[in-house]
Amino acid sequence: QKEVEQDPGPLSVPEGAIVSLNCTYSNSAFQYFMWYRQYSRKGPELLMYTYSSGNKEDGRFTAQVDKSSKYISLFIRDSQPSDSATYLCAMSAGTGANNLFFGTGTRLTVIP
Amino acid sequence: EPEVTQTPSHQVTQMGQEVILRCVPISNHLYFYWYRQILGQKVEFLVSFYNNEISEKSEIFDDRFSVERPDGSNFTLKIRSTKLEDSAMYFCASKQGLTYNEQFFGPGTRLTVL
């Protein structure tokens, strides 16, 4: 069931570049959108959380949600080698226990 | 900073055996989850648990799977009659309450079924 689509990459960028990561989804009931960072063989670490459409900024990270297009993005400014990881988008409908639907993850490498 | 913990980090078992994966969610959280990630694939929802009962479960969570909160801190996932295809990373997650939607994940248990 391909409810959430994410380009798996891999994506390689030079240090200092702006990174754009994207997901599309099909379920119009999704209202809560998250980005997680996952290092190899580790648990997902919550990076950004947004509700409905709009932008949210946290330091070098900006999350955007466009519900009309069913499209979400994560931008990383001034990327650092420590940003090298797999980035997972996740979303939920916000009802009941609110289980998450994940994308496949995009593997990012920031080259010093 | 409070975090979700999981034990063991790696579990190896023979096909057909039973395994119990353990999690300690964040202490003031009320909703608990198990997810799994087969190598190279998406993180997939297994089950959610609230108020000492299952809230939702996926198709993956068949009658070989069960969850329990045996005391005020632990949350366990039991898999009976393990199959080769159960081999995966199993992640526990928790969230604070109904109006909070951020889920926090543990480091995972890597289950290998031989």
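Order of the sequence lines sets the chain letters (A, B, ...), proteins ahead of strands, with each chain counted from 1. In what follows, every heavy atom counts, from backbone to side chain, and hydrogens, waters and symmetry copies are set aside. This one's a predicted model, so the numbers in the text were calculated from it and none came from an experiment.
Across every non-hydrogen atom of A:V4 and B:K42, the tightest pair is O-NZ, 2.7 Å. Minimum heavy-atom separation, A:P44 to B:F105: O-CB, 3.3 Å.
By the criterion of side-chain heavy atoms lying less than 4.5 angstrom apart, applied directly or through intervening Ile, Leu, Val, Met, Phe, Trp or Tyr residues, A:F75 is not grouped with A:M91; the two fall into different hydrophobic clusters. No continuous path of ILVMFWY side-chain contacts below 4.5 Å connects A:Y71 to A:L11, so the two sit in separate hydrophobic clusters. B:L39 and A:Y87 are not part of a single hydrophobic cluster, where members link through side-chain heavy atoms under 4.5 Å apart. B:L77 and B:I54 fall within a single hydrophobic cluster, where Ile, Leu, Val, Met, Phe, Trp and Tyr side chains are chained together by heavy-atom contacts under 4.5 Å. B:I60 and B:V47 fall within the same hydrophobic cluster, defined by Ile, Leu, Val, Met, Phe, Trp and Tyr side-chain heavy atoms under 4.5 Å apart, directly or through other members.
The contact between A:Y36 and chain B is made entirely by side chain atoms (from C-beta outward), counting heavy-atom distances below 4.5 Å. Neither the backbone nor the side chain of B:E44 comes within contact range of chain A; no heavy atoms are under 4.5 Å apart. No part of B:F32 comes within reach of chain A, as not one of its non-hydrogen atoms sits under 4.5 angstrom from that chain.
A:S92 OG to B:E102 CD: the interatomic distance, rounded to the nearest 0.5 Å, is 10.0 Å. Residue B:K95 holds its NZ atom at 13.0 Å from CG of A:L46, rounded to the nearest 0.5 Å.
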List, one per line, each side-chain donor-acceptor pair under 3.5 Å for residues 8-28 of chain B, sequence neighbours excluded.
unit_1: B:H10; atom_1: NE2; unit_2: B:T112; atom_2: OG1; d: 3.1

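Contact annotation: the side chain of A:Y32 never approaches that of B:Q103 to less than 4.5 Å [non-hydrogen atoms, C-beta and beyond]. Contact of the B:F91 side chain with the A:Q38 side chain is registered, since non-hydrogen atoms from C-beta on lie closer than 4.5 Å. Using a 4.5 Å heavy-atom cutoff, the side chains of A:L100 and B:Y35 are in contact.
Around atom NZ of A:K67, more than 12 heavy atoms belonging to other residues, nucleotides or ligands sit under 6.0 Å away. Counting non-hydrogen atoms of neighbouring residues, nucleotides and ligands closer than 6.0 angstrom, the CD atom of B:E85 exceeds 12 such neighbours.
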Exercise for the section: Please test B:F45 against A:F101 for ring pair (Phe, Tyr, Trp, His ring centres under 6.0 Å), starting from the C-alpha separation and ending with a verdict. Expected result: CA-CA 7 Å; B:F45 167 75; A:F101 293 85; 7.7 Å; no
